[in-house]
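Here is the structure we will look at.
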Amino acid sequence: MDHAKVAGEVVDAVGGVSNISAAAHCATRLRLVIADESKINQQALDDNDDLKGTFAAGGMFQIIVGPGDVDQVYAHMVADHGVREVSKDEAKEEAEAGGNLFSRFIKMIADIFVPILPALIAGGLLMAMHSVLTAEGLFGEKSVVQMYSWLSDYDALINLVSSAAFASLPVLVGFSAAKRFGGNTYLGAAMGAAMVSPSLLSAYSMTDAAAAAKYWAYTDQSSVWNLFGLEVTKVGYQAMVIPTLVVTWIMCLIEKNLHKVLKGTADFLLTPLITLLITGFLAFVVVGPVTRELSNYLTYGINWLYTSLGLFGGLIFGFFYSAIVVTGLHQSFPAIEIPLLPANGGVGDFIFPIASMANVAQGAAALAVFFKTRDAKLKGLAGAGGVSAVFGITEPAIFGVNLRLRWPFFIAMGASAIGSAGVALLNVRGQALGAAGFVGFVSIIPKSIPAYLALEVLVFVLSFGATLGYALTRGKADMAGRSSAPVTAPAGVAGAPTQATAAPAPAGVAGAPAQAAASFSDEAAADLSVTSPLAGTVVPLEQVKDESFAKGMLGPGIGIEPADGLVVAPFDGTVTVAFPTGHAYGIKAASGVQVLIHVGMDTVKLEGKGFTPRVSKGDVVHRGDVLAEVDLDVIRAAGYETITPVVVTNKKKFGAVDPVASGEVRRGDALLQVAPKES
C-alpha cells in the first residue's frame with residue numbers, strides 16, 4: 001500500500017481538510033469527526049481497493065484501513081495535509097459535543113436503550129397479545145379469556161413475562177447507562193434493583209390509596225423513612241427512566257473519582273462499597289423526591305393546558321407526548337387519569353386517546369422505515385417495534401428506530417399533534433385504562449369509538465405517508481443504514497491512543513520473544529496455516545458483535561470465546577501491531593500471511609487494565625510465544641465481550657481462507673488454513 005497516496009485519497013473523498021474537524025485512529029480504522037457529511041464522496045471510498053469499508057458510528061465517520069497500515073495512513077494525513085490530530089478519546093468527546101443540547105441528550109438516551117431493545121420488543125408484543133386476550137368487546141361482548149376460561153392461566157403467564165422488562169426497567173437501564181457513562185455495569189444494575197426493591201411500594205400503586213394501604217398492612221412496615229431530618233416515602237421507580245439515568249450518572253461519577261484516589265486492594269474493596277452507599281442515599285433522599293415533584297408539576301401543567309386551551313391544548317399535548325415518553329415522566333399520568341374516569345365520577349379520560357394517537361404515529365413511522373430501509377438489522381427493529389407501537393408499546397420503535405434516524409420521530413410528533421387536536425375538537429374520552437393503540441377503542445366511551453378509530457386511521461396514514469415520502473427524498477442515506485447522526489456505535493473494534501508506541505516486553509518473562517533480526521526456517525516460510533492463539537470455543541465470525549468483523553471487512557477468519565487469558569503467537573513471524581493497552585496484535589507470518597488478533601470487544605476503554613502485553617512492535621515471535629496475558633474477569637466485570645476475532649487482513653494476496661476448527665480448541669490447534677494465490 002502507498003500510504004501517502006491513500007492518505008491523500010481519503011482526505012479528498014471526505015471533502016478536504018476543512019471538512020475534517022478532528023481525526024484519530026484505532027487498531028484498524030480511521031475515526032474522523034466530519035463537519036458536513038453531505039460532502040463525503042462515498043463512491044470514491046467504496047471504489048478504493050486499499051480501504052476495507054466505511055460506516056458512521058458515535059458521531060464519527062470511520063474508515064477501515066487495516067492493522068499495520070492505519071497508523072501510517074493517519075500519519076501522512078497529519079503530516080502531509082495538516083489534518084488536526086487528536087487522541088481517540090478527544091475525538092469521541094468532540095463528536096459527542098456536536099449538535100445542540102437536545103440532540104446530544106437524545107443521542108445519549110438512544111445509546112443506552114438500543115442494547116436493551118430485545119427485552120422491550122418482546123415485552124411490548126406480549127403486552128399486545130395480553131390486551132387482545134382480555135379486551136371486552138373486541139370479538140364479542142366478552143373477552144377471549146372470559147369466553148374460554150381455560151386460557152386464563154396462559155394469559156396470566158403471558159402478562160407476567162410481558163411486564164418483566166418494564167417493571168424492572170431501572171435494572172436494565174442502570175446496567176446499560178453505567179456502560180455508557182463509563183462505570184461498573186454491575187453496580188449500575190445493583191442500584192437499579194434497589195430502586196424496584198419489593199420492600200418499596202410499587203410506583204404502579206402509588207396513586208391507589210387502597211392498594212397502598214393494603215401493601216403496608218401486609219408488610220407491617222412504616223411507609224416512610226426518617227433520614228437526615230427528612231421524611232422519605234418508600235416508593236419504587238418501576239418503568240421510570242429519568243430517575244435511573246440521573247442516579248446512574250451520579251454513581252459513575254462517584255466511582256470514577258474513587259478509582260483515582262484509592263489504589264490496589266483498597267480500591268477493589270472500598271470503591272463499590274462507598275459508591276453504592278452514597279448513591280443509595282442520594283437516590284432516595286434527593287433524586288427520587290425531586291423527580292416525583294417534577295412529575296407532579298408536569299401533571300398539573302398538562303391538565304391546565306388541555307382544559308384551558310381546548311383544541312390547541314390537544315395539539316400541543318399530542319405533539320410533545322412522545323417526547324414525554326422518552327423521559328419516562330408519562331408514568332405520572334395515571335394520577336390525573338383515574339379521577340377522570342366515569343366510574344370515579346369524571347367526564348372521561350383525555351390522556352388515553354391522545355397517548356393512542358402518539359403511539360400509532362410512532363408505530364406508523366417505524367413501519368415506513370421497515371418498508372424502505374435496506375439495512376437488515378434496522379428493518380428487523382422497525383418491523384417489530386412498529387407493530388408493538390400500534391398496539392400501545394412505543395419504546396422499541398422510539399428508541400430503536402425513530403430517535404436513531406430522528407426525522408421519523410419528529411414526523412410522528414406532527415401527525416400525533418393533528419390527531420390529538422381532533423381528539424380535543426370531537427371530545428373523545430376514555431372510560432378505562434388500556435392499551436393505547438388500535439385495540440384501545442374498547443377503552444373509549446362508546447359514543448366516541450367511531451371518532452377515535454377514524455382519528456387513529458388518519459394519524460397512521462399521515463405519519464406513514466410523510467415518513468415514506470421523506471425516505472424517498474432526503475432520507476435515502478439514513479434508510480440505507482448510514483444515519484446522518486447515528487446514536488450507537490457497533491460494539492466492536494475499540495481504538496487505541498494516537499501514539500501507538502508499544503511497551504517493551506518485560507525482560508525474563510518465560511515465553512516472551514526477544515527482539516532480534518527475523519530468521520525463519522524454510523518450513524516456516526512455506527507454512528500457510530494459522531493455529532489457535534487461545535484455548536476456548538470457536539465462534540463463527542458472523543456472530544462477533546462488530547460490523548467490521550462480522551461482515552468480513554477486516555478479512556476472513558474466526559472468533560474464539562477464550563477459556564483463559566493466555567494469548568500466544570499463531571505462527572512464526574514479526575509483530576506489526578502491538579498497542580500499549582494490550583488489546584490488539586497484528587503479526588506477519590514468515591509466509592507473508594498477516595493476522596489480527598483483537599482480544600474482546602471495546603476493550604480499549606479499559607486503558608490496559610487487565611492486560612499484560614509481552615511483545616512490542618517489531619518483535620520476532622515463534623509459534624506458541626506469549627503475546628499477552630489477559631484477566632478475562634476484568635473484561636467481563638466491565639461489561640465487555642471477551643470473544644476474540646482472529647482474521648487474515650491481507651487475504652487479497654492469497655487464495656481461500658478456510659476455518660478448520662470447530663467446538664473446543666487448545667492453543668496450537670489448527671484454526672485457519674490459507675491457500676496460495678492461484679496464478
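- At distances below 3.5 Å, at least one donor-acceptor pair connects side-chain atoms of D2 with backbone N or O atoms of K5.
- For S662, the side-chain hydrogen bond (donor to acceptor under 3.5 Å, both in side chains) criterion is met by no residue, not counting sequence neighbours.
- Using a distance-only test at 3.5 Å, with no hydrogens or angles considered, a donor-acceptor pair links the side chain of N19 to the main chain of V14.
- Minimum heavy-atom separation, P570 to T531: O-OG1, 2.9 Å.
- In this structure, K379 satisfies the cation-pi test against F370, with its NZ or CZ atom closer than 6.0 Å to the six-membered ring centre and inside 45 degrees of the ring normal.
- The NE2 atom of H598 sits 5.5 Å away from the CZ atom of F549 when rounded to the nearest 0.5 Å.
- With hydrogens and angles disregarded, a donor-acceptor distance shorter than 3.5 Å links the side chain of T271 to the backbone of D267.
- Among residues two or more places apart in sequence or in another chain, the side-chain contact (heavy atoms from CB on, under 4.5 Å) test is passed with D631 by D633, V634.
- The shortest non-hydrogen separation linking A550 to V544 is CB-O, 3.4 Å.
- Counting non-hydrogen atoms of neighbouring residues, nucleotides and ligands closer than 6.0 angstrom, the NZ atom of K256 exceeds 12 such neighbours.
- The closest side-chain donor-acceptor pair between Q72 and H76, if any, does not fall under 3.5 angstrom.
- Minimum interatomic distance between V626 and V615 (heavy atoms only, all atoms of both residues): O-CG1, 3.7 Å.
- In this structure, K179 and T248 have side chains that are not in contact, with every pair of non-hydrogen atoms separated by 4.5 Å or more.
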Could you pull out every donor-acceptor pair under 3.5 Å between side chains of residues 667-676 and any protein atom, sequence neighbours left out?
from, atom 1, to, atom 2, distance (Å)
R667, NH1, D564, OD1, 2.6
R667, NH1, D564, OD2, 3.4
R667, NH1, L566, O, 3.3
R667, NH2, D564, OD2, 3.3
D669, OD2, R666, N, 2.8

* Can L627 and I597 be said to form a side-chain contact (heavy atoms from CB on, under 4.5 Å), step by step? -> CA-CA 10 Å; L627 302 178; I597 304 168; 3.9 Å; yes
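- Under the rule for a side-chain contact (heavy atoms from CB on, under 4.5 Å), the partners of A656 that lie at least two apart in sequence or sit in another chain are D658.
- Between V539 and I560, the closest side-chain pair of non-hydrogen atoms is not below 4.5 Å.
- H3 and D69 share a side-chain donor-acceptor pair at under 3.5 Å.
- Side-chain atoms of H622 do not come within 3.5 Å of backbone N or O of G624 as any donor-acceptor pair.
- In terms of heavy atoms, Y640 sits closest to T603 at CB-CG2, 4.4 Å.
- In this structure, the side chains of V11 and V83 come closer than 4.5 Å at one or more pairs of heavy atoms.
- Applying the side-chain hydrogen bond (donor to acceptor under 3.5 Å, both in side chains) criterion to T576, with sequence neighbours excluded, gives no partner residue.
- A search for side-chain contact (heavy atoms from CB on, under 4.5 Å) contacts involving F175 returns T185, Y186, A189, not counting sequence neighbours.
- For the pair M601 and P645, the minimum side-chain heavy-atom distance is below 4.5 Å.
- Within the 4.5 Å cutoff, the side chain of Q42 has heavy atoms near those of the F61 side chain.
- Side-chain contact between V401 and P408 is absent, with no heavy-atom pair separated by less than 4.5 Å.
- Contact annotation: the side chain of V621 never approaches that of F571 to less than 4.5 Å [non-hydrogen atoms, C-beta and beyond].
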* Check against side-chain contact (heavy atoms from CB on, under 4.5 Å), M77 and L30 -> CA-CA 10 Å; M77 289 174 65; L30 297 168; 3.7 Å; yes
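- L534 CG to T644 OG1: the interatomic distance, rounded to the nearest 0.5 Å, is 5.0 Å.
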* To do: Check step by step if side-chain contact (heavy atoms from CB on, under 4.5 Å) holds for N650 and K652.
  => CA-CA 5 Å; N650 63 340; K652 290 182 180 179; over 6 Å; no
* Show the numbers, then the answer: is there a side-chain contact (heavy atoms from CB on, under 4.5 Å) between T581 and L606? => CA-CA 8 Å; T581 49; L606 292 171; over 6 Å; no
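- The aromatic rings of H25 and Y74 lie tilted to each other, with the angle between the two planes from 30° to 60°.
- Here the straight-line distance linking atom CG of D50 with atom CG of L45 works out to 12.0 Å at 0.5 Å rounding.
- Interatomic distance, W407 CH2 to N402 CG, rounded to the nearest 0.5 Å: 8.5 Å.
- Annotation: side-chain hydrogen bond (donor to acceptor under 3.5 Å, both in side chains) contacts of N48 (sequence neighbours excluded): E9.
- In this view, Q543 satisfies the side-chain hydrogen bond (donor to acceptor under 3.5 Å, both in side chains) rule with no residue, not counting sequence neighbours.
- Contacts of A525 classified as side-chain contact (heavy atoms from CB on, under 4.5 Å), with partners at least two apart in sequence or in another chain: none.
- Between the CG atom of D625 and the CD1 atom of I587 there is a distance of 9.5 Å, given to the nearest 0.5 Å.
- Residues P533 and V646 form a side-chain contact, since some pair of their non-hydrogen atoms from C-beta on lies under 4.5 Å apart.
- Counting only residues at least two apart or in different chains, salt bridge (charged side-chain N to carboxylate O under 4.0 Å, His left out) contacts with residues 524-533 comprise D527-R623.
- For the atom pair CD of E629 and CZ of R614, the computed distance is 4.0 Å after rounding to the nearest 0.5 Å.
- When all heavy atoms of P613 and G582 are compared, the pair lying nearest together is CG-CA, 3.8 Å.
- Electrostatic pairing of D572 and K588 does not count as a salt bridge here, judged by no charged N lying under 4.0 Å from a carboxylate O.
- Between V575 and A578, the shortest heavy-atom contact is CG1-CB, 3.8 Å.
- Side-chain contact annotation: E561 with T642, donor-acceptor N/O pair under 3.5 Å present.
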